[in-house]
Amino acid sequence: MKPRLRFAPSPSGYLHIGGARTALFNWLWARSQGGVFVLRVEDTDQERSSLDSVRAILDAFRWLGIDWDEGPEVGGPHAPYFQSERKAIYREHTERMISSGHAYRCYCTKEELDRQREELKARNPKAQFVYPGTCRNRTDQPDLPHVVRFKSPREGSTDFNDKVFGPITTPNSAQQDFVLVRTDGYPLYNLAATIDDHLMDISLVVRGRDHIGNTPQQVLIYRALGWEAPEFAHLPMMLSPKGEKLSKRHAAVSVDEYKERGYPPAAVLNYIVRFGWSSGDQEIFGLDELVKLFSWDHVNKSDGKFDEKKFADVAFEHLKRPELTSLPTYAKNVQPFLAQRGITSTDPDLLLAAIPGVRERARTYRDAASDLDFYFREPPEVDPKAREKLLSKEAAARMVELASALEGTKPWDAATLEAKARTWCEAQGVAIKDVAQPARVALTGRSASPPLFEVMAVLGEPRSLDRLRRAPALVPG
Ligand code: GLU
């Protein structure tokens, strides 16, 4: 049977990098097996959920290239995919559990339970309060505010076999009668997730190991409803460099932030997949390769520490390698960063020709846009320090002569231009470096750039000659 997987975000903000990791594992398995990947929005916490957040999460997935077969916007046979629209379904199944004696209405007020908790604390400050089961065997059903609790078995154990963590046994004595439905009628996570995972035919539940403690409760609910539980795979955590729960106090944790920094999406996926999965010593993977290589045999249970520096290095590797980021992809992805610099119309051929020289150095698309800027601005912006240091009156005059010497060079390519410039320098009795640096300032406005003759080849003859001839105008007054 083809596996059915799901990612179930609670839309109370942005797509957290850890959530993206979990979604990626689900997606990779679905894609590698020809299975189905479902997105389900867990928005029963009305106060914290928002549609803006749903939109931000979907956009982040789209940017990453993680597509979903069922869920918001695309629909599917198990719609609706928003839990807030499934309340009637949860109600129906809750009633069924009450009728079969697996759940009961509890009328204990919050005040009453708080009082009991305080009393316990006064007696034993370290004791953990457990609901004493006051309403467990109550037979009347007054029309009063109530929650619905699960009637947990007192004996035996609840077992499941985790694909990553192995067999997990929880004694039922450790389980209290947990709440399924709140006083306001909203289902709690364990109830809604279990019902949906079953009705949506999920065959394997993959999520962070922070949910491992919820799984026995979910298994109990499956049993109470007479359903077979799916398989479970819990993933190790992505922790802060100090080993704490990763939050924005430690690093940028929103996928959007990496997009804004100019990281290639495939690099984000590459970095996060390493939290729980490896393939020998290989560090850098393209997305297609990940789909091919991903398997549960190589998923491990060790938590990982998030390292922004390593993340940036992975991004750089992706940008540098044409087999990972093709020229057209690079061009498409760098455009928004050029636009941020006010460069909105770029000659597509010039852009494609300019990228190879820049991708060697640029660590992000944002850096690349800065390095590419001079190709698209006429005249290029000039760094005052470079001009001060490198463009004397004499050097600028020489640029005009160099332009004439190079005019008509055929073919107008880096090797031919360099050979011609060297011969010319020799004839003039000047060192090539005394010509090259001023020429760099005239052509690029900067003291550092891709190799000079490559720049000229990319700029083309008319632009290169114009810029060299304008050098005298740049000489500091
Ligand atoms: N909404 C839950 C969360 O965001 C989903 C957990 C699960 O995958 O079951 O943590």
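Both ligands and their constituent atoms are indexed starting at 1 by order of listing. Only this structure's heavy atoms are used, side chains among them; waters, hydrogens and symmetry mates stay out.
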**Request:** Verify, without hydrogens or angle tests, whether Ser10 (side chain) and Ser12 (backbone) share a donor-acceptor contact under 3.5 angstrom.
**Result:** no

**Item:** Within the 4.0 Å heavy-atom sphere of ligand 1, strictly under, residues
**Value:** Arg6, Ala8, Ser10, Glu42, Tyr189, Arg207, His211

**Request:** Determine which pairs satisfy side-chain hydrogen bond (donor to acceptor under 3.5 Å, both in side chains) with at least one residue from residues 248-257, sequence neighbours left out, and list them in order.
**Result:** Glu244-His250

**Prompt:** Any donor-acceptor pair under 3.5 Å linking the side chain of Thr169 with the backbone of Asp159?
**Reply:** no

**Message:** Any salt bridge linking Arg115 with Glu119? Criterion: basic side-chain nitrogen under 4.0 Å from a carboxylate oxygen.
**Reply:** yes

**Asked** Quick one: do Asp313 and Lys309 make a salt bridge, cutoff under 4.0 Å?
**Response** yes

**Message:** Please determine whether a side-chain nitrogen of the Lys or Arg among Lys320 and Glu317 lies less than 4.0 Å from a carboxylate oxygen of the Asp or Glu.
**Reply:** yes

